[in-house]
Engineer: 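Sharing a structure with you now.
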Amino acid sequence: MQTHLLGSPRIGRHRELKKACEQYWSGKTSLNALLETGKNISLQNWKLQQEAGIDLIPCNDFSYYDQVLDMTLTVGAIPERYQEIAARKSASELDLYFAMARGYQKDDLDITAMEMTKWFDTNYHYIVPEFQKNQPFRLFSKKIITEFISAKQAGVNAKPVIIGPLTYLLLGKEKEEGFDKLDLIHNLLPIYIEILKELENHGAHWIQFDEPFLGLDLTEKAKEIYQSVYNELRNQFPNLKFIVATYFEGLKDNLSLAVSLPVNALHIDLVRSPEQLDEVLNAIPQTLSLSLGVVDGRNIWKNDFERSLGFIEKTVNTIGSERIFIAPSCSLLHSPFDLDLETNENTLSHEIKQWMAFAKQKVHEVVALKKLAAGKADYQTLQQYAENKKAIDNRKISSLIHNQAVKDRVDVTTENDSQRNSPFRIRKENQQNVLQLPLFPTTTIGSFPQTKEVRAWRSKFKKGELTAEQYDDLLKKETERTIRWQEEIGIDVLVHGEFERNDMVEYFGEQLADSLLLKTDGFRAMEVAV
């Protein structure tokens, strides 16, 4: 039984990457300083996993912007409008990279950025690859190879993480009519083969291909290309070991395809789709190992060890322990870095903190699950197991998240409570009688910019330099100023500016956490938040 991660957070223990990028973009620091920050973050991630006891440690999971853009630069899919930047001797590879992500407006050039969209159903984004008919590819950036070499020099024989060729194409967009982006696989696959040859020459043993599209609907054409691509990769590299990683969804209709690919291991997400385990175990061939994604890579809560051990035990009983990997459900990119850094009990109480696990803690959870499942738990691991059970049980009954008054109100709701008491026609007339709005009323979404003054007030209030009364008085004056201004310019439906809140979700979360609000009108509070 082995452990591995699909990826680590790239932001840094103290958000070093965010700060370094912003300083570089504003011209306050050098390219070398930014590159050094990236190297240090990768090294810290590798050492953390190595010291914790992770067996297969990922590399090339670090990115200065996003992993899809990394792959776009790697395979040279650089849109024509950036060629002038690429040709300049003064421009670094990273300058071209950032221009593609953020646009470029200087040196008499005005070049738009590439499109950005959601990374599946997460709150992360990626830069969408742009494809032309007969799109050429070439090995432009060697980031994958250089990161593997860096890991090896650091004493880590790492597992390179690469976006699978089919997922990469499916993430992109055709920028002209008359072709199917999947047909570009014939141009793209040779670049993947070139990358793998270099990695193999440098001593790589395991390669992780991220193929989350195996969790989505696929055409028959896509399924056929999946099979042919991985057949070709296996033929070209009989000695390399491949892990195909799926996440964010179960395999469903793609189950037979996924287990038939000529790879060494298949990763499945048992957090998002725990029901798929039985189906996979019934279909898995004897030549395929199974990576169990049992630790949630997308939230901040502790793993339920008993539940995860149940999945692991079932798998051991079916295929044996030698063919099992234990892992987070997906990359830990989506988790905060280290819970140990949260030391202020005024913002995070001990009771809530005991329920939580950030990326560093999730690494140790993966290792602990392996020891517990293998029957090799030491005293520290057994203590961790006991604390885990205590925290899970405490969360199930804690009054912080279980309010009987709210439950009682929910229990008496009926289907009629979700229905309007009057039809829209009548509500519209009543609204017009009260508001007397013109035919096309003007308004704003609601929020006005959080000015420097407002942010300064909030900072002083949190530090205790302003009392609640002083803070409220300042916000009332700012609100009145904003409303008067809207009246002067002729806005019909006024908004108060929302100066009292920070992030909207955080603000409503703070309101819902108020015990008095929950007791008196918890259902209404939830309704307003939604």
Side-chain angles (χ1 to χ4, degrees), residues 1-9 13-14 44-45 47-57 269-272 274 277 291-316 321 324-403 509 513 515:
M1 196 180 300
Q2 296 188 71
T3 56
H4 75 122
L5 263 62
L6 276 67
S8 298
R13 181 178 171 87
H14 298 287
Q44 290 167 9
N45 287 340
K47 291 300 182 183
L48 186 156
Q49 294 172 67
Q50 191 176 54
E51 291 168 4
I54 294 293
D55 297 308
L56 289 180
I57 297 172
D269 185 340
L270 293 180
V271 174
R272 275 300 183 86
L277 180 59
S291 171
L292 306 176
V294 291
V295 174
D296 198 332
R298 289 182 57 170
N299 71 13
I300 44 83
W301 305 115
K302 275 186 176 176
N303 179 258
D304 185 339
F305 278 7
E306 284 193 351
R307 177 177 168 82
S308 294
L309 288 169
F311 291 135
I312 298 168
E313 182 180 2
K314 177 182 287 188
T315 309
V316 169
S321 61
I324 295 175
F325 291 82
I326 300 174
S329 59
C330 60
S331 171
L332 294 181
L333 161 70
H334 310 282
S335 297
F337 193 88
D338 184 3
L339 184 63
D340 293 340
L341 299 177
E342 306 296 328
T343 57
N344 188 344
E345 288 201 14
N346 292 325
T347 56
L348 185 62
S349 69
H350 172 72
E351 182 174 5
I352 295 176
K353 188 175 180 180
Q354 68 167 327
W355 304 336
M356 302 173 86
F358 292 177
K360 176 183 174 182
Q361 288 70 39
K362 290 176 187 291
V363 170
H364 289 282
E365 286 181 336
V366 169
V367 175
L369 285 169
K370 173 187 172 179
K371 292 179 180 178
L372 291 165
K376 298 180 179 179
D378 52 20
Y379 174 77
Q380 184 178 359
T381 304
L382 291 173
Q383 188 177 31
Q384 185 180 355
Y385 177 69
E387 292 174 354
N388 178 272
K389 188 176 188 314
K390 181 179 178 181
I392 297 297
D393 291 342
N394 174 269
R395 190 177 170 208
K396 291 178 180 178
I397 61 173
S398 172
S399 60
L400 288 176
I401 56 175
H402 297 280
N403 187 287
S515 60

Engineer: Mind checking the CD-CD1 spacing from E345 to I352? Nearest 0.5 Å is all I need.
Structural biologist: 11.0 Å
Engineer: Is the shortest heavy-atom distance from the side chain of L339 to the side chain of I300 under 4.5 Å?
Structural biologist: no
Engineer: Is there a side-chain contact between L277 and L292, using heavy atoms and a 4.5 Å cut-off?
Structural biologist: yes
Engineer: Check step by step if side chain to side chain contact (heavy atoms under 4.5 Å, CB included) holds for L309 and L369.
Structural biologist: CA-CA 7 Å; L309 288 169; L369 285 169; 4.0 Å; yes
Engineer: What are the two closest non-hydrogen atoms of F311 and P274, and how far apart are they?
Structural biologist: CZ-CB, 3.7 Å
Engineer: Any sub-3.5 Å donor-acceptor pair from Q361's side-chain atoms to F358's backbone N or O?
Structural biologist: yes
Engineer: Looking at every non-hydrogen atom in both residues, tell me the closest pair between S335 and A359 and how far apart they are.
Structural biologist: CB-N, 4.0 Å
Engineer: Can you tell me how far apart CG (D304) and CD1 (I392) are? Round to the nearest 0.5 Å.
Structural biologist: 4.5 Å
Engineer: May I ask you to decide if the ring planes of F305 and Y385 are parallel, tilted or perpendicular, using 30° and 60° as cut-offs?
Structural biologist: parallel
Engineer: If we ignore hydrogens and angles and just use 3.5 Å, is the side chain of T3 paired with the main-chain N or O of D55 as donor and acceptor?
Structural biologist: yes
Engineer: Is it the case that over 12 heavy atoms from other parts of the model lie below 6.0 angstrom from the CD atom of E351?
Structural biologist: yes
Engineer: Yes or no on side chain to side chain contact (heavy atoms under 4.5 Å, CB included) for K360 and V363, after CA distance, side-chain angles and deciding distance?
Structural biologist: CA-CA 5 Å; K360 176 183 174 182; V363 170; 5.8 Å; no
Engineer: Does E342 offer a backbone N or O that forms a donor-acceptor pair with the side chain of K353 under 3.5 Å?
Structural biologist: yes
Engineer: Closest heavy-atom contact between H334 and S331?
Structural biologist: CD2-O, 3.3 Å
Engineer: Evaluate side chain to side chain contact (heavy atoms under 4.5 Å, CB included) for I312 paired with M1, printing each intermediate quantity in order.
Structural biologist: CA-CA 10 Å; I312 298 168; M1 196 180 300; 4.2 Å; yes
Engineer: Any sub-3.5 Å donor-acceptor pair from N303's side-chain atoms to K362's backbone N or O?
Structural biologist: no
Engineer: Rounded to the nearest 0.5 Å, what's the gap from CG on N45 to CD1 on I57? Could you check?
Structural biologist: 10.0 Å
Engineer: To the nearest 0.5 Å, tell me how far D338 CG sits from L48 CG.
Structural biologist: 7.5 Å
Engineer: Nearest 0.5 Å please: distance from the CG atom of D393 over to the OG atom of S398.
Structural biologist: 12.5 Å
Engineer: Looking at CD of Q2 and CG of L56, how far apart are the two atoms once the value is rounded to the nearest 0.5 Å?
Structural biologist: 5.0 Å
Engineer: Are more than 12 heavy atoms, taken from residues, nucleotides or ligands other than K47, located less than 6.0 Å from that residue's NZ atom?
Structural biologist: yes
Engineer: What's the shortest heavy-atom distance between S8 and Q49, and which atoms?
Structural biologist: OG-NE2, 3.0 Å
Engineer: Is it the case that the side chain of S329 and the backbone of G293 share a donor-acceptor pair, with hydrogens and angles ignored and the cut-off at 3.5 Å?
Structural biologist: no
Engineer: The test is side chain to side chain contact (heavy atoms under 4.5 Å, CB included); show your working for V367 and I54 and say whether it passes.
Structural biologist: CA-CA 7 Å; V367 175; I54 294 293; 3.7 Å; yes
Engineer: Taking all atoms of both residues into account, what is the closest heavy-atom pair of I326 and K370, and its distance?
Structural biologist: CD1-CA, 3.6 Å
Engineer: Does the H402 side chain pair with the main chain of R395, one donor and one acceptor, at a distance under 3.5 Å?
Structural biologist: yes
Engineer: For residues A377 and L372, report the shortest heavy-atom separation together with the two atoms involved.
Structural biologist: CB-CD2, 3.7 Å
Engineer: Do K302 side-chain atoms and Q354 backbone N/O form a donor-acceptor pair below 3.5 Å?
Structural biologist: yes
